[in-house]
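What follows is a single structure, written as structure tokens, with notes after it.
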Amino acid sequence: MAAYPGSMRSVEDVGKKLRGFSCELTRSPYGVFPETVFTITCQIMVPFLLSGLGMMTAGLVMDTIQHWPVFVEIKDLLTLVPPLVGLKGNLEMTLASRLSTALHCPVNMFEPVLWEQDGGLLIIANPGKSYSSQILINCTTRTVFWTSARKQAVRREANTGQIDDPRDQHRVISSNLALIQVQATVVGLLAAVAALLLGAVSRGELDFAKMELLCASSVITAFLAAFALGILMVCIVIGARKFGVNPDNIATPIAASLGDLITLSILAFISSFFYKHKDSRYLTPLVSIGFMALTPVWVLIAKQNPPTMKILKSGWFPIILAMMISSFGGLILNKTISKEQYKGMAVFTPIICGVGGNLVAIQTSRISTYLHMWSTPGVLPLWMKKFWPNPCSTFCTSEINSMSARVLLFLVIPGHLIFFIIIYMVEGHAVPNSKTFVVFYLLAGLIQVTILLYLAEVMARLMWHQALDPDNHCIPYLTGLGDLLGTGLLALCFLISWLLRSKAELDGISEPVSGPL
């Protein structure tokens with residue numbers, strides 16, 4: 001039985017004297033909680049707007065490259081765009097979320113601690129595995145901290161390594177970067193195969209002549225984008241820690257801001273390069289085989305960290321399923337982007353998909369960190385016992401996750417309006433500018449984010465109840481679903497706007513004809 005230094009009193013003995021004691025949660029030793037609406041908004045706003053600028057740039061790039069010869073001739077490259085761009089949600093955002101949780105939850109945080117300070121006893125209230133996590137209470141300052149006695153369970157999780165310890169930092173970072181390189185290479189190849197199959201189903205034929213170019217472009221794009229964004233995420237998370245900013249709030253928006261632009265640019269230039277050298281028979285197969293041959297090297301590096309190796313063995317299903325979901329969004333994009341009634345689809349697709357995936361990744365990362373702080377894998381806190389919570393409890397309570405959900409939801413309309421105005425100023429009449437389209441576009445963005453934020457709460461609870469880490473198992477699904485919802489709702493906005501405009505034009509023509517009668 002643990003007792004504080006200099007005394008033989010046990011926790012139970014001290015606990016008897018604290019019945020009826022009330023106190024207020026004022027600060028955390030690791031700077032995670034509490035947060036106010038103001039602090040959450042301030043930390044999210046700037047990265048969110050910066051990410052929007054990146055996504056707008058990606059949209060303008062996509063509007064340009066869709067007319068390049070390689071994209072005109074090989075339509076399946078457009079189907080590749082959402083799953084490859086979505087890799088930032090499957091890999092880089094997941095990496096950032098794992099590292100953020102690691103910073104909030106170092107292993108030494110979970111050591112039971114008792115000490116005496118200014119005559120007040122700091123004790124551990126230990127309800128075991130019942131309904132809440134262990135609480136450290138300072139009786140003098142009326143300050144509450146939280147902890148947990150789940151040290152061994154935490155050590156088995158990939159996202160709770162001692163990243164603050166310089167001895168382990170290199171091992172944790174290098175193994176996680178190697179992990180996403182393996183995942184990017186394999187998923188890049190699978191995305192190309194999925195694009196080919198979806199194209200074959202829609203056209204009724206499979207074009208083997210373009211298979212090599214598509215596979216090589218996809219694998220190299222996924223590999224290079226994952227490497228660049230992975231390095232960036234490591235720098236951002238560690239830098240945020242040093243400046244006292246919650247990485248959960250800023251890492252995923254920055255990943256979104258540069259992820260779309262980097263991925264689209266690499267895909268455009270790599271595919272154009274192979275298209276120009278399409279007469280070189282062995283170029284694309286050799287390049288593809290070369291990048292695939294590096295996979296065993298990344299696996300050996302990932303083995304340095306056993307928890308990361310565990311993800312490498314069992315974490316494939318979420319990212320592959322998310323890639324397949326995004327591929328259906330790519331098919332919608334492929335079928336609509338060249339039609340006149342969907343003019344502007346290429347510009348807005350990265351924005352609506354990026355905003356939804358961006359905001360839901362922030363919320364999922366925050367919920368994951370919250371669960372790691374307050375509970376043990378497989379055991380939900382008492383106030384989160386319902387798997388399907390009332391939507392009002394997700395958005396309308398004073399609880400910290402509900403507060404952040406409201407902040408993220410309130411950012412949708414102003415954010416999309418700002419992005420729309422900037423795009424209209426740049427593109428002019430190349431994009432729809434009717435009030436009807438703007439209203440439907442804002443409504444689509446709001447519906448998309450509302451659905452995703454609610455599903456983030458539900459999926460995080462379900463995964464945690466199954467002792468699965470939401471960092472690894474929720475973000476891929478949600479960003480993939482965000483791509484599909486965003487692309488589908490955006491296409492619906494263009495279609496409804498075109499139908500209403502056509503009806504108005506027909507009414508305008510028929511009125512003068514029927515007037516004299």
Side-chain angles (χ1 to χ4, degrees), residues 62 65-87 90 183-223 225 263-264 266-268 270-289 291-292 316-339 341-342 345-346 349-350 353 476-477 479-481 483-488 490-492 495:
M62 188 171 173
I65 65 175
Q66 66 168 318
H67 304 295
W68 287 14
V70 63
F71 283 88
V72 172
E73 184 173 337
I74 307 177
K75 291 290 187 182
D76 290 336
L77 278 172
L78 293 172
T79 308
L80 266 182
V81 170
L84 285 182
V85 169
L87 277 179
N90 298 344
Q183 292 175 327
T185 303
V186 174
V187 174
L189 181 62
L190 294 178
V193 173
L196 283 167
L197 293 178
L198 288 174
V201 170
S202 61
R203 291 190 304 266
E205 61 177 357
L206 183 61
D207 192 347
F208 289 98
K210 301 180 177 67
M211 180 183 299
E212 294 176 354
L213 187 148
L214 201 66
C215 290
S217 300
S218 181
V219 169
I220 296 175
T221 299
F223 182 93
T263 303
L264 278 175
I266 294 175
L267 177 63
I270 293 295
S271 59
S272 296
F273 173 80
F274 287 135
Y275 183 76
K276 291 177 181 177
H277 297 84
K278 58 184 177 181
D279 295 331
S280 301
R281 181 68 183 85
Y282 299 103
L283 178 61
T284 51
L286 287 175
V287 171
S288 300
I289 294 172
F291 275 88
M292 295 297 294
W316 289 101
F317 185 75
I319 61 174
I320 291 175
L321 183 58
M323 178 272 298
M324 294 175 64
I325 295 172
S326 296
S327 295
F328 284 101
L331 184 61
I332 296 174
L333 180 65
N334 189 356
K335 295 299 181 183
T336 57
I337 195 170
S338 59
K339 296 181 180 179
Q341 59 264 43
Y342 297 98
M345 185 86 176
T349 297
C353 293
Y477 293 129
T479 53
L481 185 59
D483 291 343
L484 180 58
L485 277 175
T487 309
L490 181 62
L492 190 61
L495 180 61

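Heavy atoms only, all atoms of each residue included: Pro83 and Ala191 are closest at CB-CB, 4.3 Å. Nearest heavy-atom pair across Thr336 and Ile332 is OG1-O, 2.8 Å. When every heavy atom of Ala222 is checked against every heavy atom of Ala184, the shortest pair comes out as CB-O, 3.3 Å. The two residues Leu196 and Met211 come nearest to each other via the heavy atoms CD1-CG, 3.4 Å. Closest approach of Ala322 to Pro476, counting heavy atoms only: CB-O, 2.9 Å. Considering all non-hydrogen atoms of both residues, Pro82 and Gly330 come closest at CG-CA, 3.3 Å.
For the pair Ser218 (side chain) and Leu214 (backbone), a donor-acceptor distance under 3.5 Å is absent. Side-chain atoms of Thr487 do not come within 3.5 Å of backbone N or O of Leu484 as any donor-acceptor pair.
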- Please report the C-alpha distance between Trp316 and Ile319 in whole Å, then the side-chain angles of each, then the deciding distance to 0.1 Å, and finally whether the side-chain contact (heavy atoms from CB on, under 4.5 Å) criterion is met. CA-CA 6 Å; Trp316 289 101; Ile319 61 174; 3.7 Å; yes
- Message: Please determine whether side-chain contact (heavy atoms from CB on, under 4.5 Å) holds for the pair Met345 and Gln66, giving the CA-CA distance in whole Å, both sets of side-chain angles, and the decisive distance to 0.1 Å.
- Response: CA-CA 11 Å; Met345 185 86 176; Gln66 66 168 318; over 6 Å; no
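Test Leu264, Ile337, Asp483 against Val81 for side chain to side chain contact (heavy atoms under 4.5 Å, CB included) and you get one pass: Leu264. Of the options Leu77, Ile270, Leu267, a side chain to side chain contact (heavy atoms under 4.5 Å, CB included) to Val70 is made by Leu77 and by none of the others. Between Asp76 and the choices Leu213, Leu198, Asn334, Leu197, the side chain to side chain contact (heavy atoms under 4.5 Å, CB included) rule is met once, by Asn334.
The structure places CZ of Phe291 at 4.5 Å from CD1 of Ile220, a figure rounded to the nearest 0.5 Å. To the nearest 0.5 angstrom, Leu80 atom CG is 11.5 Å from Ser326 atom OG. Separation of atoms CZ (Phe273) and OG1 (Thr284) is listed at 10.5 Å; rounding is to 0.5 Å. Separating the CE atom in Met292 from the CG atom in Leu189 is a distance of 5.0 Å, to the nearest 0.5 Å. Rounding to the nearest 0.5 Å gives a distance of 11.0 Å between OG1 of Thr79 and CG of Leu84. Distance check, rounded to the nearest 0.5 Å: CG of Leu78 to CG of Leu331 gives 11.0 Å.
Taking the six-membered ring where the residue is Trp, Trp68 and Phe71 present perpendicular rings, their angle passing 60° and hence far from 30°.
No more than 12 heavy atoms of other residues, nucleotides or ligands shown are found within 6.0 angstrom of CZ on Phe328.
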